[in-house]
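First the structure, in the form of structure tokens, and then the observations on it.
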Amino acid sequence: MNPQAVARVLDANLDRAREGLRVLEEWFRLGLESVNWAAECKDMRQELGGWHHPSLRSARDITTDPGTQLEHPQEQQRRDLEHLLQANCSRVQESLRVLEEYGKLGESRQWLPPTMPQVCKQMRYRLYEMESILLATTLRRRLERAQLYLITSPIEGWLAAVEQALQGGVTLVQYRHKTATPREKLRDLEQLKLLCQRYHALLIVNDHVDLALLVDADGVHLGQTDMPVAAARQLLGSQKLIGQSTTNSQELQAALATSADYVGVGPVYATPTKAGKAPAGLDYVRLAAATVRLPWFAIGGIDADNLPAVCAAGASRVSVVRSLMEAVDPAQTARLMLTQIQSQTTTIPVSGC
């Protein structure tokens, strides 16, 4: 046994765990403004710091550490905020596991309390829970900020139209193709996911929980005849988003009693997407504005011409299909619609952790 080598392992992982906790703490403190979560990260950092015995620090030797030369391309950039937070949760979890195991060695007892392995285990499980809540909270914050929700249609050049809409400011996209085969849908979703990642947009899958899981989409949207929200939540877990379509006050109240993260309100106007479905009208938008507290999106036949009336009825978020998918210039149309929404609505409140 080499006590010096054990000391170096403990030193490196105490540093690594505290560094990762500090990254998380800063987001809780300044990003989410959550005192409780920030304080919990700080408490864990302080406890780990109390174990960082001077003998462990003195064992550090950067010049002979081959790990300083090891790099992985994924470490050089973070795809988005979720990726950054998840990477640092993993960083802390992995370091705590190392501390837990090496803390069981007799050599470690000269520097560390005998209870350290059990405390590290408890911290590690807490980080698993924290990661789940953190990622779910971050997704829901992004959902709350989305004001223009694009639902795809299977037109020629659909992917290019989506990219132009993303360039125009769309931050939420739902993949919808009722007649494609499962293989075709999977192929489309794989391409669309890469596009949404590039533009930092949320990806929702219409109807199919299995496909959402397969491509690791951000959530699913369910119609009234699709899988119940409770069953979808059981399959997707707490981190993913679930939306529910509603067309009247009874469906709306039923959706609000579930764990759905947002609801669709419409169709406001007649639309070929819901052929034969009578429009719910602006009165339904007014009802949603007066009663719904979670994010909701007016949908159905909305375009740049009637959008002001929809916003005047109380909508601060809208879903569209043809207005962007079939626009001559989807980017410019998206910018115009976002300007219309923002000019007629107050700032959307954003909840914290």
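For clarity, every value in this text was computed on a predicted model and none was experimentally measured.
- The minimum heavy-atom distance between L24 and L85, with the atom names listed, is CD2-O, 3.8 Å.
- Listed by first and then second residue, the ring-ring contact (aromatic ring centres under 6.0 Å, His included) pairs that reach into residues 226-267 are Y149-Y262, H221-Y262, Y262-F297, sequence neighbours excluded.
- The pair R16-E94 does not meet the salt-bridge criterion, since no charged nitrogen lies less than 4.0 angstrom from a carboxylate oxygen.
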Inset, instruction - Check the pair N88 / R91 against side-chain hydrogen bond (donor to acceptor under 3.5 Å, both in side chains), numbers first and verdict last. - result: CA-CA 5 Å; N88 280 277; R91 180 189 187 96; 4.6 Å; no
Inset, instruction - Check the pair R60, D15 against salt bridge (Lys or Arg N to Asp or Glu O under 4.0 Å), reporting the backbone distance first and the verdict last. - result: CA-CA 11 Å; R60 189 180 308 165; D15 271 340; 3.1 Å; yes
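- Of the candidates K178, H177, K185, N206 forms a side-chain hydrogen bond (donor to acceptor under 3.5 Å, both in side chains) with just one, namely K178.
- Using a distance-only test at 3.5 Å, with no hydrogens or angles considered, a donor-acceptor pair links the side chain of T258 to the main chain of A255.
- Listed by chain and residue number, Y128 satisfy the ring-ring contact (aromatic ring centres under 6.0 Å, His included) test with Y125 (two or more places apart in sequence, or in another chain).
- Rounded to the nearest 0.5 Å, atoms CG (L194) and OH (Y199) are 12.5 Å apart.
- Across all their heavy atoms, L211 and P182 have their closest contact at CD2-O, 4.4 Å.
- Looking at E131, E40, Q93 one by one, the single match for side-chain hydrogen bond (donor to acceptor under 3.5 Å, both in side chains) with R126 turns out to be E40.
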Inset, instruction - Show your working on side chain to side chain contact (heavy atoms under 4.5 Å, CB included) between I299 and I151 and close with a plain yes or no. - result: CA-CA 10 Å; I299 184 172; I151 302 173; 3.5 Å; yes
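- Under the 4.5 Å side-chain heavy-atom criterion for ILVMFWY residues, no single connected hydrophobic cluster contains both L324 and L336.
- V35 and W37 end up in different hydrophobic clusters when Ile, Leu, Val, Met, Phe, Trp and Tyr side chains are linked at under 4.5 Å.
- Using a 4.0 Å cut-off between charged nitrogen and carboxylate oxygen, E26 and R29 count as a salt-bridge pair.
- Environment of CD in Q234: sparse, with no more than 12 heavy atoms of neighbouring residues, nucleotides or ligands closer than 6.0 Å.
- Contact check for H200 versus E82: side-chain heavy atoms found under the 4.5 Å cut-off.
- A salt bridge does not link R142 to D218: none of the charged nitrogens lies less than 4.0 Å from a carboxylate oxygen.
- One finds a salt bridge joining R97 and E101 here, because a Lys/Arg side-chain nitrogen approaches an Asp/Glu carboxylate oxygen to under 4.0 Å.
- From C41, atom SG reaches atom CG of N36 across 11.5 Å, with rounding to the nearest 0.5 Å.
- Expressed to the nearest 0.5 Å, how far CH2 of W27 lies from CG of L81 amounts to 4.5 Å.
- Contact of the Q174 side chain with the L150 side chain is not registered, since no non-hydrogen atoms from C-beta on lie closer than 4.5 Å.
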Legend entry - Audit row: L56, L112, side chain to side chain contact (heavy atoms under 4.5 Å, CB included) steps and yes/no: CA-CA 10 Å; L56 299 179; L112 301 169; 4.3 Å; yes
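- D303 has its side chain out of reach of Y269: every pair of non-hydrogen atoms, C-beta onward, lies at least 4.5 Å apart.
- What you find for A165 and P330 is that their closest heavy atoms are N-CB, 3.9 Å.
- Taking each heavy atom of V268 and A298 in turn, the nearest pair found is CG2-CB, 4.1 Å.
- Of the candidates H53, H52, R57, D11 forms a side-chain hydrogen bond (donor to acceptor under 3.5 Å, both in side chains) with just one, namely H52.
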Inset, instruction - Go through the steps to decide whether L307 and D305 satisfy the test side chain to side chain contact (heavy atoms under 4.5 Å, CB included), and finish with yes or no. - result: CA-CA 6 Å; L307 179 56; D305 293 330; over 6 Å; no
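- If you take CG on L148 and CG on L166, they are separated by 10.0 Å, rounding to the nearest 0.5 Å.
- The minimum heavy-atom distance linking L96 with C120 is given by the pair O-CB, 3.7 Å.
- Remark: S245 OG to E251 CD distance equals 8.5 Å, nearest 0.5 Å.
- In this structure, V229 and L222 approach most closely via the heavy-atom pair CA-CD1, 4.0 Å.
- Put simply, the side chain of T137 reaches to within 4.5 Å of the side chain of R141, judged on heavy atoms.
- The closest side-chain donor-acceptor pair between Y284 and T247, if any, does not fall under 3.5 angstrom.
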Inset, instruction - Begin with the C-alpha distance, continue with both residues' side-chain angles, and end with the deciding distance and a verdict on side chain to side chain contact (heavy atoms under 4.5 Å, CB included) for L10 and S108. - result: CA-CA 8 Å; L10 294 170; S108 69; 4.0 Å; yes
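- In this structure, K240 pairs ionically with D216, as a charged nitrogen and a carboxylate oxygen lie closer than 4.0 Å.
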Inset, instruction - Tell me, with the steps shown, if S259 and R233 meet side-chain hydrogen bond (donor to acceptor under 3.5 Å, both in side chains). - result: CA-CA 7 Å; S259 64; R233 178 63 70 198; 3.2 Å; yes
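- The closest side-chain heavy-atom distance from D226 to Q244 is not below 4.5 Å.
- No more than 12 heavy-atom neighbours from other residues, nucleotides or ligands sit within 6.0 angstrom of NZ on K42.
- For the atom pair CD (Q86) and CG (L134), the distance works out to 9.5 Å, reported to the nearest 0.5 Å.
- The shortest side-chain heavy-atom distance between S238 and S132 falls under the 4.5 Å cut-off.
- V285 is listed as a side-chain neighbour of W296, based on a closest heavy-atom distance under 4.5 Å.
- Q122 meets the side-chain contact (heavy atoms from CB on, under 4.5 Å) test with Q118; sequence neighbours excluded.
- Using a 4.5 Å cut-off on side-chain heavy atoms (C-beta onward), Q147 and M337 make no contact.
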